[in-house]
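Remarks on the structure that follows.
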Amino acid sequence: MPELPDVEGFRRYLAHHAEGHRIERVDVPDRMLLRNRSPRALGRAVDGRRFTTPRRHGKWLLAPVGETELLLHFGMTGLLRWAERGQERGRERDRHDRLIFVCEDGELRYNDVRRFGGVWLARDERERLAVTGPLGPDAAAIDREQFERLLAGRRGGIKAALMDQRLIAGIGNLLSDEILWRACIHPSTRVATLNRRRRERLYEALHSAVAESIRYGRVPQGKRWLMRVRDDRQATCPRCGTRLRRGRVAGRTACWCPRCQRLAAHAVPPVSGRRGASG
DNA sequence: GCTCATGTTCCCCT
DNA sequence: CAGGGGAACATGAG
């Protein structure tokens with residue numbers, strides 16, 4: 001789940017359920033996912049303090065508590081769940097609940113099946129940056145001129161660029177495919193070969209796809225979205241009905257329409273449909 | 001048993 | 001240095 005839209009959903013969820021609530025204690029059944037503090041140090045920092053308004057940058061959820069800030073990353077399978085105290089439903093914890101912020105009238109559970117995500121603590125901006133690494137501007141807040149500047153001088157492929165968190169924060173595999181499909185640009189296209197008109201079109205696609213996704217709190221599966229069909233066996237393009245193609249681009253499984261998203265022959269090295277042709 | 005998965009990071013090449 | 005490919009990380013689903 002967790003790309004920018006999902007994390008934005010978690011941000012709203014946290015704000016809705018936990019903001020203003022006082023943390024009594026934190027249970028840490030899986031120490032591995034508490035990344036840069038001991039459970040005791042986490043307790044010293046947050047016990048007795050309240051969640052205030054959470055922020056988000058790219059795929060990071062930043063939740064201030066007292067003097068410090070919780071930094072949450074959701075990896076591939078992370079999520080948040082609020083369980084109201086005394087309610088039958090959600091009373092039992094899940095085996096994948098890794099960190100539980102116990103409040104007076106409920107608890108916020110950080111759940112992550114695959115354990116690629118984690119929770120960090122940062123006392124100040126310096127410490128936060130050390131954890132997140134350099135991040136580009138949030139994908140939801142980029143304007144045209146900024147987008148132009150970001151792409152200028154970029155040498156690699158466009159899908160890799162969109163997913164590069166140092167360039168633009170928040171776009172992952174699904175969203176990048178969605179944006180490129182919407183802009184009718186092949187994922188392997190070299191950034192440098194995109195003319196002004198296509199960059200413009202790409203910006204529009206990014207902007208609209210991100211804005212709409214954020215409203216849903218995930219990448220939507222509507223009629224005009226690749227998301228709806230990308231996992232189907234015989235997936236076809238929602239726009240033209242052509243059978244979609246799948247292949248490895250920028251290290252991920254990309255999905256695109258060979259008719260809508262044509263690749264200029266000179267623009268790119270061949271894209272293999274599968275992995276491991278060499279040794 | 002095998003393959004694949006919405007993310008990040010590290011290593012090796014070009 | 002920039003960027004691409006591949007593997008690794010941990011776990012579950014099909």
Side-chain angles (χ1 to χ4, degrees), chain A residues 1-10 29-33 35-36 56-61 71-80 94-98 110-120 129-136 139 150-181 187-193 209-210 213-214 216-221 225-233 235 246-255 267-279:
Chain A
M1 280 150 99
E3 292 183 54
L4 176 154
D6 311 274
V7 179
E8 179 62 18
F10 299 151
D30 186 350
R31 282 193 62 161
M32 206 81 293
L33 271 78
R35 303 284 185 168
N36 68 345
R56 180 191 57 73
H57 189 130
K59 301 172 188 174
W60 286 92
L61 178 55
L71 315 178
L72 293 87
H73 198 283
F74 297 90
M76 299 262 275
T77 52
L79 57 88
L80 290 178
D94 182 89
R95 55 189 288 232
H96 305 304
D97 288 337
R98 313 294 184 181
Y110 172 87
N111 184 292
D112 185 6
V113 171
R114 282 172 71 183
R115 306 168 86 216
F116 284 171
V119 175
W120 287 254
L129 288 173
V131 170
T132 66
L135 294 174
L150 290 169
L151 292 188
R154 185 86 188 184
R155 290 210 230 113
I158 187 60
K159 182 175 171 69
L162 291 177
M163 293 195 303
D164 185 344
Q165 303 300 299
R166 293 165 305 183
L167 192 72
I168 300 170
I171 298 173
N173 193 34
L174 300 185
L175 206 40
S176 64
D177 278 355
E178 200 67 58
I179 290 165
L180 291 166
W181 176 75
S188 296
T189 309
R190 307 289 101 176
V191 174
T193 67
V210 168
S213 296
I214 276 183
Y216 283 79
R218 59 167 300 166
V219 183
Q221 306 218 34
W225 291 76
L226 203 58
M227 263 303 276
R228 183 183 198 171
V229 299
R230 69 169 290 152
D231 290 331
D232 296 353
R233 293 187 151 289
R246 237 165 268 277
R248 214 75 186 166
V249 181
R252 312 302 300 276
T253 302
C255 177
V268 137
V271 180
S272 64
R274 231 176 284 159
R275 65 212 340 222
S278 61

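- Stretches of at least 3 consecutive Watson-Crick or G-U wobble pairs, with each checked distance under 3.5 Å, appear in DNA chain C as B:2-5 with C:11-14, B:7-14 with C:2-9.
- For A:His73 against A:Trp60, the heavy-atom pair with the smallest separation is CD2-CE2, 3.5 Å.
- Nucleotides B:dT8 and C:dC1 have their P atoms positioned 23 Å apart, rounded to a whole Å.
- Nearest heavy-atom pair, A:Pro5 versus A:Leu175, reported as atom, atom and distance to 0.1 Å: CD-CD2, 3.8 Å.
- Listed by residue number, A:Arg154, A:Arg155, A:Gly156, A:Gly157, A:Ala160 are the residues of residues 152-173 of chain A with a heavy-atom contact under 4.0 Å to DNA chain C.
- With rounding to whole Å, A:Arg218 atom CZ is found 13 Å from B:dT6 atom P.
- Distance, A:Glu178 CD to B:dT6 P: 14 Å, rounded to whole Å.
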Worksheet item: How does protein contact run along nucleotides 8-14 of chain C, one letter per nucleotide 5' to 3', with B for base contact, S for sugar-phosphate only, - for none, heavy atoms under 4.0 Å?
Response: -BBBS--

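- Without hydrogens or angle criteria, A:Gln165 side chain to A:Gly136 main chain gives no donor-acceptor distance under 3.5 Å.
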For nucleotides 10-14 of chain B, give me every protein contact, N/O to N/O, under 3.5 Å, one pair per line with atom names.
none

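- Using a 4.0 Å heavy-atom cutoff across all strands shown, A:Thr77 reaches no nucleic acid atom at all.
- The side chain to side chain donor-acceptor pair (under 3.5 Å) search around A:Lys159 returns A:Asn173, A:Ser176, A:Asp177, not counting sequence neighbours.
- No donor-acceptor distance shorter than 3.5 angstrom exists from the side chain of A:Arg228 to the backbone of A:Pro220, with no hydrogens or angles considered.
- Spacing of P atoms, B:dT6 relative to C:dG3, comes out at 23 Å, to the nearest Å.
- Summarising the geometry of A:Lys59 relative to A:Leu4, their closest heavy-atom pair is CG-N, 4.1 Å, with the distance given to 0.1 Å.
- When each of A:Leu72, A:Asn111, A:Val7 is checked for a side chain to side chain contact (heavy atoms under 4.5 Å, CB included) with A:Leu80, only A:Leu72 meets the rule.
- Per the geometry, CE belonging to A:Met76 stands 8 Å off P belonging to B:dA5, to the nearest Å.
- Smallest separation of non-hydrogen atoms from A:His57 and A:Ala169: CD2-CB, 3.6 Å.
- With sequence neighbours excluded, the residues forming a side chain to side chain donor-acceptor pair (under 3.5 Å) with A:Thr77 are A:Asp112, listed by chain and number.
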